[in-house]
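Atoms within each ligand, like the ligands themselves, are counted from 1 in listed order.
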Amino acid sequence: MNFSEKVREVQQRTNSLLCIGLDPVLEKIPSHLQKTGDPIVEFNKFIIETTSDIVCAYKFNLAFYEAQGVSGIEALEESLESVPNEILTIGDGKRNDIGNSAERYAETLFYGFEFDAVTVNPYMGTDSVEPFIRDPEKGAFILALTSNPGARDFQKLKVGDNYLYEKVIQRAKKWNTNNNIGFVVGATQPRELASIRKRVHDMPILLPGVGAQGGDLKKSVESGCSKKRDMLLVNVGRSIIYAQNVRDTALEIHTMINTYRNEEK
Ligand code: OMP
């Protein structure tokens, strides 16, 4: 099964487009878990056990683990073991380099940590992306239009008649012979999201920016889903993992997503 088919299968089976971002910061972890030997692992385990029946994926931003040095990498490995096999894992490092070096990134993320998918920076072009898209079962979410204010600095520069992010999408569609490429599009850009969805048809879109970054959940879900009302992975991090009641908050967002995606357009 190629990655795109996997996304559809997991979303149908779980009835969920929700992806929880496991980006733990030690100081923000509840005090009772701070006292355990491994607060990051215990915190992640708690979030995963509390939410794994209502998500399609967990996204691990590597910065939050690398910042802790060797113990952070060990915590990442251990946390990944807590994710049920049938739920997707995304290693978010926005990596890339010349082909020879990109090979090592892909090897580490896909076959070391065994992530199902990664986020990839397309800036260095075809040869840099190739190692991430070689294995049809593994997914690569290419940065298209990101959620941060700086997205406009380069991504929205005009190149001929198009914006640079549109050129990235055009090229990445050509790379998608293995049906395993997706795009990162911020929830802070709902207008552009609608036109991106039209261009990319059924390709997966990873949508960060809901919650703490103020992205519009309703508009994003309405305009970001495929015709079959799936293939959008709505990533929510801080506003779920640090919520007073993690389960209730995640369930509320999960229910809202399903309400919006099932509404007649
Ligand atoms: P919250 O803002 O806490 O929900 O987390 C957002 C997560 O998505 C972080 O891990 C970000 O690094 C990541 N992200 C964005 O916020 N914006 C983007 O445009 C792209 C990403 C990403 O690729 O995941």
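Shortest contact from atom 16 (O) of ligand 1 to any protein heavy atom: Q213 NE2, 2.8 Å. From the protein, the heavy atom lying nearest to atom 4 (O) of ligand 1 is G237 N, 2.9 Å. Nearest protein heavy-atom neighbour of atom 13 (C) of ligand 1: K59 NZ, 3.4 Å.
Listed by number with element, the atoms of ligand 1 under 4.0 angstrom from any heavy atom of T119 are 23 (O). Atoms of ligand 1 found under 4.0 Å from any heavy atom of K94 (numbered from 1 in listed order, with element): 12 (O), 20 (C), 21 (C), 22 (C), 23 (O), 24 (O).
Using a 3.5 Å distance cut-off with no hydrogens or angles, the side chains of S226 and D230 do pair a donor with an acceptor. A side-chain N or O of T51 and one of Y58 form a donor-acceptor pair less than 3.5 Å apart.
Between Q189 and the choices K219, K156, Q155, the side chain to side chain donor-acceptor pair (under 3.5 Å) rule is met once, by K156.
Here S147 has heavy atoms under 4.0 Å from ligand 1 in both its backbone and its side chain. Looking at N235 against ligand 1, only its side chain comes within 4.0 Å, counting heavy atoms. At a 4.0 Å heavy-atom cut-off, ligand 1 touches T146 through backbone and side chain alike.
At least one N or O atom of R238 sits closer than 3.5 Å to an N or O atom of ligand 1. Considering backbone and side-chain N/O atoms, D23 comes within less than 3.5 Å of an N/O atom of ligand 1. At under 3.5 Å, not a single nitrogen or oxygen of G209, backbone or side chain, sits near a nitrogen or oxygen of ligand 1. On a distance-only criterion, D92 and ligand 1 share at least one N/O pair closer than 3.5 Å.
The closest non-hydrogen atom to atom 11 (C) of ligand 1, taken over N61, N148, V184, comes from N61.
Taking the six-membered ring where tryptophan is involved, the planes of Y65 and F60 are tilted, since the angle between them lies from 30° to 60°. Using the six-membered ring where Trp is involved, F113 and F115 have ring planes that are tilted, between 30° and 60° apart.
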- Message: With side-chain hydrogen bond (donor to acceptor under 3.5 Å, both in side chains) as the criterion, how do S4 and N2 come out once you've worked through the C-alpha distance, each side chain's angles and the decisive distance to 0.1 Å?
- Response: CA-CA 6 Å; S4 208; N2 62 49; 4.8 Å; no
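Contact annotation: the side chain of R261 approaches that of L17 to within less than 4.5 Å [non-hydrogen atoms, C-beta and beyond]. Counting only heavy atoms from C-beta outward, the side chains of E9 and K6 never approach each other to under 4.5 Å. At least one side-chain heavy atom of I90 sits under 4.5 Å from a side-chain heavy atom of C19.
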